[in-house]
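The structure under discussion appears below in the form of structure tokens.
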Number of protein chains: 2
Amino acid sequence: MPNSSVNEDYLKAIFYLGRDGSRVQTTALARQLGVSKPSVTSMLKRLAGKGLVDYSSGQGATLTEEGRLATMRVVRRHRLLETFLVEVLHLDWSEVHAEAEVLEHHLSARMVDAIDRLLGHPSEDPHGHPIPDAQGRLRTRELVPLGDLAAGERGTVREVRTAQSGRLQRWKELGLVPGAAVAMRSKQDLEDVMHVRVGDRELATGTEGVDGVFVEREE
Amino acid sequence: MPNSSVNEDYLKAIFYLGRDGSRVQTTALARQLGVSKPSVTSMLKRLAGKGLVDYSSGQGATLTEEGRLATMRVVRRHRLLETFLVEVLHLDWSEVHAEAEVLEHHLSARMVDAIDRLLGHPSEDPHGHPIPDAQGRLRTRELVPLGDLAAGERGTVREVRTAQSGRLQRWKELGLVPGAAVAMRSKQDLEDVMHVRVGDRELATGTEGVDGVFVEREE
DNA sequence: CCAGAGAGTTAGTCATGCCTAACAGCTCAG
DNA sequence: CTGAGCTGTTAGGCATGACTAACTCTCTGG
Ligand SMILES: [Mn+2]
Ligand SMILES: [Mn+2]
Ligand SMILES: [Mn+2]
Ligand SMILES: [Mn+2]
């Protein structure tokens, strides 16, 4: 009756893919989770049976309120774990996602509380992602992709969204970490090259190279 | 192809039940693991197929060398985890077994190393159990049940073996923890009552009440 | 000697999650 | 307008790991 690891990963995927308010497609879930489309169809029916998602054949899926709360509990565990792994076990921020992806399903409430306490109730994980509170509330912010800044605009890096550890490693080397001040110097859209000031360094990159870096625009 | 959580719990159970060198019976495993006897028969065949146990129908099971090494890796993770949960997360020693029982199956090598390093390569867990080293070597000691001490004999508590958190809590209150000096004052075998000095306190108990407390005899 | 208790196995079933094959419906390019 | 390419479902199967029912075998007490 409790949710399995697999259930929880489906819920998280539905949550992430549905952030823009849209219904989540079978195919998108299959790609995200690395399973076949029939597996997704079958699982959506079972999650609907448990009251965690709204699903009708061919119409995609959304989380119910119960499903959203269950998802927030998993996301909370995931992000607390990442923070813990970096702060306490001193793993690199590029490595912790894979660990947290597994352990998020196996932490008791007691351990979650102990970690939360030890870390002093952190509000963000190492990648800048907000940690849902114990009631399932998630802070939201107005962030834009770094590549959306116009030439001359400034901002501050707030979140880095990727699960690829190689990209995280590179961004750390480049100084593209939460808190970093950035300024868009110039953009050659046709060539897909932009010049960005990151802290006190200059960076030339394509859109793809910083895809996943989100900034808060300077007012 | 890697061992599942369930596989690992079977291996551990075979290891513990076979410590005395005997072959482990189907029924004993079924009771230990809380599953039916046919489930055990079926699993023993599969573990034998993986080369982890020696099994022939009706003759019980023993670990192969490969199975023993796999078991030592799980026991190492379990005991490092318990130590970590007590030392770092400050959970009570009576609570950590249940947590470790789950997490032992989901820790990466990287996390095991990080925990081992953080703790300074501990040699024992909070209950006094030796932690296998990374090569699967397990320290052995000559311990006897506290109840085996004869009147007048002294010793030191070295290990407490139980998975019941209530018993652990009680033993902690009584001072029956690894390192505690004990002395058998007197025994009334017919009534099954013994009087034991624990540190500077006096304890009257039946055999059952201290079953699982192991001591090193004073020479 | 024989009945019953235990130990252990076989057979058959179920739930969970995954897969491939096949097909239905929609949209869009040619 | 027609076929290719998507999206999505149904059908059927497999692996893991659990269960109950029914059986065999061995041992022991009366
Ligand atoms: Mn996960
Ligand atoms: Mn993160
Ligand atoms: Mn376990
Ligand atoms: Mn222990």
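Naming: A, B, ... by sequence-line order, numbering from 1 per chain.
Looking at residues two or more places apart in sequence or on another chain, you find no ring pair (Phe, Tyr, Trp, His ring centres under 6.0 Å) involving Tyr55(A).
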Could you pull out every donor-acceptor pair under 3.5 Å between side chains of residues 33-52 of chain A and any protein atom, sequence neighbours left out?
residue  : atom : partner  : partner atom : Å
Ser36(A) : OG   : Ser39(A) : N            : 3.4
Ser36(A) : OG   : Ser39(A) : OG           : 3.0
Thr41(A) : OG1  : Lys37(A) : O            : 3.3
Lys50(A) : NZ   : Pro2(A)  : O            : 3.3
Lys50(A) : NZ   : Asn3(A)  : OD1          : 3.3

Quick one: do Arg76(B) and Asp116(B) satisfy salt bridge (Lys or Arg N to Asp or Glu O under 4.0 Å)? Show the steps, please. CA-CA 10 Å; Arg76(B) 175 172 165 79; Asp116(B) 186 43; 3.3 Å; yes

Could you give me the CA-CA distance, side-chain angles and deciding distance for Asp192(A) and Thr207(A), then say whether side-chain hydrogen bond (donor to acceptor under 3.5 Å, both in side chains) is met? CA-CA 6 Å; Asp192(A) 187 34; Thr207(A) 309; 2.4 Å; yes

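The list of side-chain hydrogen bond (donor to acceptor under 3.5 Å, both in side chains) pairs with a residue in residues 22-35 of chain A, not counting sequence neighbours, reads Asp20(A)-Ser22(A).
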Distances under 3.5 Å only, N/O to N/O: pair up the protein atoms with those of nucleotides 3-5 of chain C.
none

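Rounded to an integer number of Å, the gap from CG of Leu17(A) to P of dT7(D) is 14 Å. What separates CG of Leu52(A) from P of dT16(C) is a distance of 13 Å, to the nearest Å. Between the CZ atom of Arg23(B) and the P atom of dG8(C) there is a distance of 11 Å, rounded to whole Å.
Within a 6.0 Å radius of CD in Glu191(A), more than 12 heavy atoms belonging to other residues, nucleotides or ligands are found.
Atom-to-atom distance recorded for Phe84(B):CZ and Leu107(B):CG is 9.0 Å, nearest 0.5 angstrom.
Taking the ring axis of Phe214(B) as reference, the NZ or CZ atom of Arg161(B) stays within 45° of it and closer than 6.0 Å to the ring centre.
Remark on the helix from dC1(C)-dG30(D) to dG30(C)-dC1(D): inter-end axis angle 20°, axes from five-pair C1' superpositions, rounded to 10°.
Of the candidates Glu104(B), Glu82(B), Glu8(B), Glu101(B), Glu8(B) is the only one forming a salt bridge (Lys or Arg N to Asp or Glu O under 4.0 Å) with Arg77(B).
Side-chain atoms of Ser56(A) do not come within 3.5 Å of backbone N or O of Gln59(A) as any donor-acceptor pair.
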Indicate for each nucleotide in nucleotides 9-22 of chain D, in 5' to 3' sequence, whether protein heavy atoms under 4.0 Å reach the base (B), only the sugar-phosphate (S), or nothing (-). BBB----SBSBBB-

